[in-house]
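Below is one structure; the comments refer to it alone.
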Amino acid sequence: MQNSQHHAPRHRAQHGAGDHPSEHIKRRNPVGVWIGLPLITIGIYLLVWIYKIHDEMSRATPEREISPGSPMIAALIAPLTLFIWPIVATHKAGGHIAAAQRAAGQAPSCSGGMGVLLLFVFGLTPLYYQMELNKVAGDH
C-alpha cells in the first residue's frame, strides 16, 4: 500500500514557503490569448491556455484545490453537457484568479460572473481573465 503523500499533486511540492504568486503566473498578451493564437491554431491554443492558467494558479495558490485538466475537458465536451460544465468551470476560474490576486496581496478584481457574461459577448472571457492574471504576474 502506498503512502498518501505520494498522491499529492506535483505542484504542491514545487511551491516553496517564500514563493510569491507572481512567480507562478505567466504574463501573456491578452489579445493574443483571446483571438490571435486561437485563430492561428484553429482553437487548440485555447485548450492549452486553459490548462496552463489553471496549472499556474494551482502553483500560485497551493491552499486551493485546482485541477488543470478538468476545465480543459469541460471545454472539449461542452456540447455534450449542454454547455453547463464549461459555464461552471468559467465561473470557478474567475474565483481562482481572484484568489491568486488575494495571495499576491492585491484586492481581488476578477469576477467569475463577469467571466461568464463575457463568454457570451464575442467570447471575451480569455481576454478578461488574462488581463486579470497579468495583474498577478506583475512586471517579471
Side-chain angles (χ1 to χ4, degrees):
M1 184 166 198
Q2 292 183 343
N3 185 340
S4 64
Q5 291 177 347
H6 293 288
H7 295 288
R10 82 181 147 76
H11 65 269
R12 303 275 187 246
Q14 291 177 349
H15 186 80
D19 287 353
H20 190 271
S22 66
E23 295 176 26
H24 301 286
I25 304 293
K26 182 178 178 182
R27 176 175 282 284
R28 294 176 178 87
N29 181 314
V31 175
V33 164
W34 169 56
I35 199 158
L37 290 170
L39 277 176
I40 292 169
T41 64
I42 315 166
I44 294 170
Y45 178 76
L46 191 56
L47 295 172
V48 171
W49 176 78
I50 289 169
Y51 182 88
K52 284 184 176 230
I53 67 163
H54 283 83
D55 183 56
E56 291 167 8
M57 287 186 293
S58 71
R59 288 183 279 124
T61 56
E63 66 281 357
R64 295 179 68 96
E65 290 293 327
I66 301 173
S67 166
S70 185
M72 188 180 71
I73 293 169
L76 280 171
I77 65 168
L80 298 175
T81 65
L82 302 175
F83 297 93
I84 303 281
W85 191 14
I87 290 169
V88 170
T90 298
H91 190 271
K92 285 179 72 172
H96 294 320
I97 294 168
Q101 290 173 330
R102 273 192 295 282
Q106 302 168 355
S109 59
C110 188
S111 163
M114 180 62 75
V116 170
L117 178 67
L118 291 173
L119 192 61
F120 298 102
V121 180
F122 302 111
L124 291 171
T125 305
L127 178 76
Y128 170 61
Y129 279 175
Q130 190 58 58
M131 289 170 59
E132 293 295 321
L133 282 166
N134 283 350
K135 293 176 184 177
V136 177
D139 293 328
H140 70 274

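Values below: all heavy atoms of this structure, side chains included; hydrogens, waters and symmetry mates excluded.
Rounding to the nearest 0.5 angstrom, the gap separating the CD atom in Glu56 from the CD1 atom in Ile66 is 11.0 Å. Atom CD1 of Ile35 is separated from atom CG of Asn29 by 12.0 Å, given to the nearest 0.5 angstrom. Here the CZ-OG distance, from Arg102 to Ser109, works out to 10.5 Å after rounding to the nearest 0.5 Å. One distance of note links OH of Tyr51 with OG of Ser67; it measures 8.0 Å at 0.5 Å rounding. Once rounded to the nearest 0.5 Å, the distance linking CG of Leu37 with CZ of Arg28 reads 10.0 Å.
Around atom CD1 of Ile42, no more than 12 heavy atoms belonging to other residues, nucleotides or ligands sit under 6.0 Å away.
For the pair Pro108 and Gln101, the tightest heavy-atom approach, listed with the atom from each and the gap, is CA-OE1, 3.3 Å. Closest heavy-atom contact between Ser22 and Ala137: CB-O, 3.7 Å. Between Tyr129 and Ala93 the shortest heavy-atom distance is CE1-CB, 3.8 Å. Annotation for His96 and Glu65: closest pair CE1-O, 4.3 Å, computed over non-hydrogen atoms. The two residues Met72 and Ile50 make their nearest non-hydrogen contact at N-CG2, 3.7 Å. The two residues Ala100 and Thr61 have their closest heavy-atom pair at CA-CG2, 3.6 Å.
Residue pairs meeting the salt bridge (charged side-chain N to carboxylate O under 4.0 Å, His left out) criterion with at least one partner in residues 115-138, sequence neighbours excluded, are Glu132-Lys135. Sorted by first then second residue, the side chain to side chain donor-acceptor pair (under 3.5 Å) pairs that include residues 35-47, not counting sequence neighbours, number zero.
Side chain of Trp34 to main chain of Gly123: a donor-acceptor pair is present (N/O by atom type, distance under 3.5 Å, no hydrogens or angles). Distance alone, capped at 3.5 Å, places no donor-acceptor pair between the Asp19 side chain and the Ala60 backbone. Proximity of a side-chain donor or acceptor of Thr81 to a complementary backbone N or O of Ala78 within less than 3.5 Å is detected. Of the possible donor and acceptor atoms, none in the side chain of Arg64 sits under 3.5 Å from a partner among the backbone N and O of Ser58.
Under the 4.5 Å side-chain heavy-atom criterion for Ile, Leu, Val, Met, Phe, Trp and Tyr, Ile25 and Met131 are members of the same hydrophobic cluster. When the side chains of ILVMFWY residues are joined at heavy-atom separations under 4.5 Å, either directly or via intervening members, Phe120 and Val88 end up in two distinct hydrophobic clusters. Cluster membership for Leu47 and Leu124, using ILVMFWY side-chain heavy atoms within less than 4.5 angstrom, is shared. No continuous path of ILVMFWY side-chain contacts below 4.5 Å connects Phe83 to Val121, so the two sit in separate hydrophobic clusters.
For the side chain to side chain contact (heavy atoms under 4.5 Å, CB included) test, residues two or more places apart in sequence or in another chain that qualify with Leu117 are Met114. For Leu119, the side chain to side chain contact (heavy atoms under 4.5 Å, CB included) test picks out Ile87, Thr90, Thr125, with sequence neighbours left out. Applying the side chain to side chain contact (heavy atoms under 4.5 Å, CB included) test to Ala104 and every residue at least two apart in sequence or in another chain returns His20, Pro21, Gln106, Val136. Residues meeting the side-chain hydrogen bond (donor to acceptor under 3.5 Å, both in side chains) test with Trp85, sequence neighbours left out: none.
Side-chain contact between Ile53 and Gln130: present, with at least one pair of heavy atoms (C-beta onward) separated by less than 4.5 Å. Inter-residue side-chain proximity for Pro38 and Trp49 is flagged as unmet; no heavy-atom pair is nearer than 4.5 Å.
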Checklist entry - Could you walk me through whether Val31 and Leu127 pass the side chain to side chain contact (heavy atoms under 4.5 Å, CB included) check? => result CA-CA 6 Å; Val31 175; Leu127 178 76; 4.0 Å; yes
